[in-house]
Protein chains: 2
Amino acid sequence: MTKQDILAAFHKQLQAGGLKSTRQRDTIVEIFFELDKHISVDELLAEARQVSPRIGYATVYRTLKLLVEQGFANPRHFGDGQTRYDPQFEQGQHDHLICTDCRRIVEFEDPRIVSLLGEVAGAHGFEVTRRRLEIYASCTDTDCPHR
Amino acid sequence: MTKQDILAAFHKQLQAGGLKSTRQRDTIVEIFFELDKHISVDELLAEARQVSPRIGYATVYRTLKLLVEQGFANPRHFGDGQTRYDPQFEQGQHDHLICTDCRRIVEFEDPRIVSLLGEVAGAHGFEVTRRRLEIYASCTDTDCPHR
DNA sequence: ATCTCTGCAAACCATTTGCAGCTCT
DNA sequence: AGAGCTGCAAATGGTTTGCAGAGAT
């Protein structure tokens, strides 16, 4: 799915729920998928205000809530007190490696994880809906402050 | 490690850091390891007050912070707005299955997960410190409100 | 025209902090 | 005695909500 497809799907979902498309929502959604990173509300608001200076926090929060409900965004807590969101382009989920020293975040995806988790959940009588897997680790970057 | 061992280790760690053992801290720590579940601050405070009615929120928060720093407790966010903590009896980590319908939380441990994650992290140049794995799924309990 | 949205400010709520007095070593 | 700790209440900070006016269908 491209950004355009997502915007269209987002509009469709809004309509299906009797909700409305607005300039602010579109601005926020476009920026969210353009930046495509683990963004905080503050960061997203700052970017959105470069397009529409009068956008407020509430609108960003409300729009992100819609995106999460519709499955286009995932909220994450990486331990720095604020919620971060990352876009969901496809149905496949990715996981995260977070460097405990430099806080760098790396996304990865490995099909073996999906199948192993499905198996483990099944053994406990569960059917997987979604997962949250974060591996906290020290990276080997030469510019990581740890080394 | 038994609860007694942990209390002793906790005292030792306190001493090492020039901190003090107090009745309140002991009360909180004992209850925390006795209940042994994913407890919220409110729940822990309520229990602690049955022993020492004048214990305040701040003391519970401060004690949990100590436990987390010392590796005896892990903070978790399961999506209901508050932080929950679970005790760390051993060095082995467990993971969680959370029913998206009835919110039941099941702990599990599977050595295959540890080795797979170690391998995946290594492939990206990371060395695992700890992980957070939550599988959101629907359970097959007959009393789960979903069915 | 109607019903939803927006922006603002106030409200909320979990968590943290300042302080005076108390407790541990 | 001296340093850290407690309980209280106030402060903080991220997130949510009420409301009057603006915008979408």
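Note that these values count all heavy atoms, side chains included, but never hydrogens, waters or copies made by symmetry. On a predicted model such as this, the values are computed, not experimentally measured, just so you know.
- Comparing C:dG7, D:dG14, D:dG7 by their nearest atom to the side chain of A:Arg54 picks out C:dG7.
- At a cut-off of 3.5 angstrom, the base of D:dG4 holds no donor-acceptor pair with the side chain of B:Arg62.
- Below 30°, between 30° and 60°, or above 60°: for B:Phe108 and A:His124 the angle between ring planes is between 30° and 60°, a tilted geometry.
- The side chain of A:Thr83 lies closest to D:dT15, out of D:dT15, C:dG7, D:dG2.
- Note on ring orientation: taking the six-membered ring where Trp is involved, the planes of A:Phe78 and A:His38 are perpendicular (angle over 60°, cut-offs 30° and 60°).
- Salt bridge annotation for B:Asp86-B:Lys37: absent, with no cationic side-chain nitrogen under 4.0 angstrom from a carboxylate oxygen.
- For A:Arg49, whose side chain is taken as the heavy atoms from C-beta onward, the closest listed nucleotide among C:dC8, D:dT6, D:dT17 is C:dC8.
- Along DNA chain D, the nucleotide nearest to B:Thr63 and the one nearest to A:Ala58 differ in position, and the one closer to the 5' end is contacted by B:Thr63.
- In this structure, B:Leu45 places its CG atom 13 Å from C1' of D:dC8, rounding to the nearest Å.
- A donor-acceptor pair is defined here as one N or O able to donate and one able to accept, closer than 3.5 Å; no such pair exists between the side chain of B:Arg25 and the backbone of B:Leu66.
- Taking the charged nitrogens against the carboxylate oxygens, B:Glu134 and A:Arg131 have no contact shorter than 4.0 Å, which rules out a salt bridge.
- Comparing C:dT6, C:dC5, D:dA9 by their closest approach to the side chain of A:Leu19 singles out C:dC5.
- What separates CZ of B:Arg23 from P of C:dT25 is a distance of 12 Å, to the nearest Å.
- Nucleotide C:dT15 holds its P atom 11 Å from the NE2 atom of A:His77, rounded to whole Å.
- The distance between atom OH of B:Tyr61 and atom P of D:dC5, rounded to the nearest whole Å, is 20 Å.
- Distance CG (A:Leu14) to P (C:dC5): 8 Å, rounded to an integer number of Å.
- For B:Lys20, the listed nucleotide lying nearest its side chain is D:dG4; candidates were C:dG7, C:dC5, D:dG4.
- Side-chain nitrogen and oxygen atoms of A:Arg25 include at least one within less than 4.0 Å of the OP1 or OP2 phosphate oxygen of C:dC5.
- In the set C:dT17, D:dA24, D:dT17, D:dA24 carries the atom at the smallest distance from any side-chain atom of A:Thr22.
- Between the C1' atom of C:dT16 and the CG atom of B:Leu66 lies a distance of 14 Å, rounded to the nearest Å.
- Residue A:Gln82 places its side chain closer to D:dG14 than to any other of C:dT15, D:dG14, D:dG7.
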